[in-house]
Amino acid sequence: MNAPLSHSPGCGGIDLHQEHGQRAVFCGLTGIVWLHRKIQDAFFLVVGSRTCAHLIQSAAGVMIFAEPRFATAIIDERDLAGLADANEELDRVVTRLIERRPDIKLLFLVGSCPSEVIKLDLSRAAQRLSSRLNPVRVLNYSGSGIETTFTQGEDACLAALVPDLPREAEAAAPSLLVVGALADVVEDQFLRMFSAMGIADVRFLPARRANAMPAIGRNTRYLLAQPFLTDTARALEERGARRLAAPFPLGAEGTTSWLRAAAEAFGVSEEAFDRATAPGRARAETALAPHREKLGGKRVFFFPDSQLEVPLARFLARELGAELVEVGTPYLHRGHLAAEIELLPAGTRVTEGQSLDDQMDRCRAARPDLTVCGLGLANPLEAEGLSTKWSIELLFTPVQGYEQAGDLAELFVRPLRRRALLEV
Ligand code: SF4
């Protein structure tokens, strides 16, 4: 039986469908893998099961022997049966951890399906432990897998940080806040570019250190660096910050438009903007040219997974000449993605939500040249002779900005090259 599918043609020029049914996604715990590298004195303690511990270890792809910055406090059968006081146990584990690790300045208690099943109140635990372990800050968020996608873990983590951010003075000059975890090298490049435009007060959320988190207030103008930060954006707006509408900084065009949104908000002249961006734009164009030959005309199919699908599809279609067969996305945030939707080729089929079997059928029937999907679908599709790209790689690799545009294109070229070699 087909899953319910609805069609709403009214969203820009795209052909929008909505699907509800079986989904194949990783849970929000996955975000810990890139977040723990970003906030260098934070620790992520998952309150979960052995399954949760395995998931993080395999997503990280490493066994960590040095002092790690994430771990799992295992909830066992006794806890699940209500035989043990999970709060006492949690307090003991956290106290021991902080005693042993004075380098930890910010501790996240990360909720999971098991902690939610036993209704462990992690927000109360975080408050209790914060006052006990002062000056170490203890915050909590949920990484649970129920009805989420794997990038929502970052959204939940950053949203948990927002109420704790320092308040900016009412009379402060406008400041720019870039929101979303970016590789340090990308952050540094953007900082240099903003500074070349004359925008001096630029802050990042998350900051690299717990005590350097940005102050915010009514004069904060923020740019989203990632398209999956719905709750974080809402929390920032509640603190008075205002979003600058823009496409996302993927590819040369996306990066230029993203930077331009800041330039316009901060009154940067066209000449200063051109001076600051032209060299990077030219380097990105040069880096993209050889990939255009390989991706031009290639038919690409996106399964809904990372929420990066719409900006990536826009990049592949407009800058590399790829043909979009279907762009699946777990959620389509109409507001945050408005500028992206406008740039998609007219008539692009966008599917919001997922009904796995139906989508697999459409993918098999279309036999695209490249399928962008989650880890769980890649192997079966490869076995059927389709080239796949794991969408999760796009979160672990620096892909934003001019200098990374060529690397981003290369990520999509690689599976085509591998398939061509296999077929020789
Ligand atoms: S949080 Fe839930 S979905 Fe994620 S690993 Fe743990 S049990 Fe599985």
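Just follow the structure's listing: the first ligand is 1, and inside any ligand the first atom is 1. Scope of the values below: all heavy atoms of this structure, side chains included, with no hydrogens, waters or symmetry mates.
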A.B. asks: Could you confirm whether Cys27 has any N/O/S atom lying under 2.8 Å from atom 4 (Fe) of ligand 1?
C.D. replies: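 Yes, Cys27 qualifies, because one of its backbone or side-chain N, O or S atoms lies under 2.8 Å.
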A.B. asks: Pull out every atom of ligand 1 sitting under 4.0 Å from any heavy atom of Cys113, numbered as shown with elements.
C.D. replies: 1 (S), 2 (Fe), 3 (S), 7 (S)
A.B. asks: Just by distance, with hydrogens left out, do Ser175 and Glu168 show a side-chain donor and acceptor under 3.5 Å apart?
C.D. replies: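 Their side chains do contain a donor-acceptor pair, which is all the 3.5 Å distance test asks for.
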A.B. asks: In terms of ring plane angle, is the pair Phe194 and Trp258 parallel, tilted or perpendicular, where the classes change at 30° and 60°?
C.D. replies: tilted
A.B. asks: Quick one: closest heavy-atom pair of Leu176 and Ala262, and the distance?
C.D. replies: CD2-CB, 4.0 Å
A.B. asks: Provide the number and element of each atom of ligand 1 under 4.0 Å from a heavy atom of Ser112.
C.D. replies: 1 (S)
A.B. asks: Dump the intermediate steps for ring-ring contact (aromatic ring centres under 6.0 Å, His included) on Phe70 and His36, then the final yes or no.
C.D. replies: CA-CA 7 Å; Phe70 56 85; His36 88 276; 4.8 Å; yes
